[in-house]
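Report on the structure given below.
Since we're looking at a predicted model, the values are computed, not measured. Just so you know, ligand 1 is whichever comes first in the structure, and atom 1 is the first atom listed for that ligand.
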Amino acid sequence: MRCWEPRIEEMPIAELKEMQYKLLKSLVYRLYSFSPFYHDRMKEQNIHPDDIRELLDVRKLPFMFKRDLRDSYPDKIFTATQEELVRYHVSSGTTGKPTVVGYTQNDLNGWTTSLARALTSIGLGRGDVIQVSYGYGLFTGGLGLHYGAERIGATVLPTSVGNTERQIELMQDLGSTAIACTPSYLLYMGEVAEKMGVSIKKDTQLKAGILGAEPWTERMRLRIEDWLGIKAFDIYGTSELSGPMFTECSEQNGFHVWSDMALTEIIDPKTGETVAPGEKGELTITILQKEALPMIRYRIGDITSMDEDVCPCGRTHPRVQRIQGRVDDMLIIRGINVFPSQVEYALMAIPEVGQHFQIVVDRKGALDDMLVRVELNKESFSDKITDLMIIKEGIEHKLRNALNVNADVELVEPGSLPRYEGKSKRVLDRRSL
Ligand code: DLL
């Protein structure tokens, strides 16, 4: 029941690229002929499908942005009729109209295959109990992982989010071996378990976390693995691509993007040019096989780099490195670019610091002011002001070194910052309020 397709997953890179070229060419012809949206876009750029003569010609095609989906709310951009659709998902987003994604049966099959391959690459399969603690419903996380896990013959425990104490009881009673949720929810679950007198490391059979839907850092991975006694794997996707689709394999070194499904480019967000191999830029994906909502050169807004070398696991499909932040997540503090992930990375190296923090940005007069509220761990929290002052100054010093900008630190009691069941919200930017 595992989903291991060596003919595709280990296909020599040159053959994979040839396959991608053929898929791209037929996609472009199809959209030029049948989609008014893409037809007009290509015409505007003076592009005809005959201009696509090799894979690199993808660079001639126009980009697509989230606003294109919003502007065509709810389904004007779909290339399948409502009768052909078998499901909708809707993502709310923080601004403006939501985006709606429709799926044909083939689209759902492809999505499930992508996750089945991914879960297999982690080493999961028949005999595993996968607790799906992503939200079920309009969000893609719950149902996406649900069907992927069923496809590989694992037993699904569809807990969705919330009701955390019950989740922990079920994890113990039914022997969950893997959990899929946001890293912040797993941190919260670990704390709730401790309050219940349960050690996830010692008292459960959990061995893997499939964690994503929000940015997290390598140091957070190490903390989670050490604390909970599991291997933590990154999982990535966005609702527009289908939902969660790609995970790291057992090598834990970037998530494999299946080349027969998606063509990945990393571009300079300012110029739109492709960056040099291995350089950081904006992840841009063309979904090669989707019926209801194909996407050409979709600018996702996530910042990362890509490694096209063959993976030690044998898979030839490129690995995209951990997402470092979003183009629109970047804070500019007194002219210096700061990503929340840099703050997390710096904090997680400091032993006194717990897992939770919050960044508050204000404008004082003409100047930006950044405050980082940091929870200490229980052992380091003390009543002695002098001890706390030393820790606070130490953290401020480390943040200054990591970020090149001054940040004030406020130490707060363990357990006092907000906890999240879904995606966390670590930045409070009060400059725009
Ligand atoms: O978050 C789909 C998903 C569900 C992914 C479950 C993984 C697991 P959206 O709500 O559309 O879809 O949000 C997509 O979330 O563009 C990233 O900014 C962020 N994101 C998702 N996964 C990761 C990750 C789902 N592993 C947006 N690391 C994306 C960093 C992530 N950011």
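- Proximity of Arg322 to ligand 1 is not established, as no heavy-atom distance is less than 4.0 Å.
- A donor-acceptor pair under 3.5 Å links the side-chain atoms of His256 to the main chain of His317, judged by distance alone.
- The ligand atoms of ligand 1 that sit less than 4.0 angstrom from a heavy atom of Ile300 are 16 (O).
- Stacking of Arg419 on the aromatic ring of Tyr188 is not recorded, the 6.0 Å distance cut-off and the 45° axial limit not both being met.
- Ranking the protein heavy atoms by distance from atom 25 (C) of ligand 1 puts Gly237 O, 3.6 Å first.
- Among Glu214, Glu248, Lys423, Met245, the residue whose heavy atom lies closest to atom 15 (O) of ligand 1 is Lys423.
- A donor-acceptor contact shorter than 3.5 Å is absent between the side chain of Arg426 and the backbone of Ile359.
- Between the Lys201 side chain and the Asp226 main chain, a donor and an acceptor come within less than 3.5 Å of each other.
- Within the 3.5 Å criterion, the main-chain N or O of Arg363 finds no donor-acceptor partner in the side chain of Arg431.
- Under the 4.5 Å side-chain criterion, counting only non-hydrogen atoms from C-beta, His146 is in contact with Glu150.
- For the pair Lys66 and ligand 1, the shortest N or O to N or O distance does not fall below 3.5 Å.
- Near Arg326, with a cut-off below 4.0 Å to any heavy atom, the atoms of ligand 1 are 16 (O), 18 (O).
- Protein heavy atom in closest approach to atom 18 (O) of ligand 1: Asp302 OD1, 2.7 Å.
- Ligand 1 has no nitrogen or oxygen under 3.5 angstrom from a nitrogen or oxygen of Ser91.
- A side-chain donor-acceptor contact under 3.5 Å links Gln105 and Asn109.
- Of the N or O atoms in Gly243, none lie within a sub-3.5 Å distance of an N or O in ligand 1.
- Side-chain N or O atoms of Thr177 include none that pairs as donor or acceptor with a backbone N or O of Gln205 at under 3.5 Å.
- Checked by atom type and distance alone, the side chain of Arg326 pairs as donor or acceptor with a backbone atom of Ile300 at under 3.5 Å.
- Close contacts between ligand 1 and Gly141 involve ligand atoms 4 (C), 6 (C) [criterion: under 4.0 Å to a heavy atom].
- By the 3.5 Å distance cut-off applied to N or O atoms, Thr140 is not counted among the residues near ligand 1.
- For ligand 1, the polar-atom distance check finds an N/O of Asp234 within less than 3.5 Å of one of the ligand's N/O atoms.
- Where the criterion is an N or O separation shorter than 3.5 Å, residue side chain and backbone included, Ile323 fails it with respect to ligand 1.
- In this structure, Phe139 counts as a contact residue of ligand 1, since one of its heavy atoms falls inside 4.0 Å of the ligand.
- For ligand 1, the polar-atom distance check finds no N/O of Glu240 at less than 3.5 Å from any of the ligand's N/O atoms.
- Each of the following atoms of ligand 1 lies closer than 4.0 Å to a heavy atom of Ser239: 9 (P), 11 (O), 12 (O).
- Using the six-membered ring where Trp is involved, Tyr103 and His89 have ring planes that are perpendicular, over 60° apart on the 30 and 60° scheme.
- Nearest heavy atom pair, residue Ile77 against residue Met64, reads CD1-CE, 3.5 Å.
- Closest to atom 19 (C) of ligand 1 among all protein heavy atoms lies Ala213 O, 3.8 Å.
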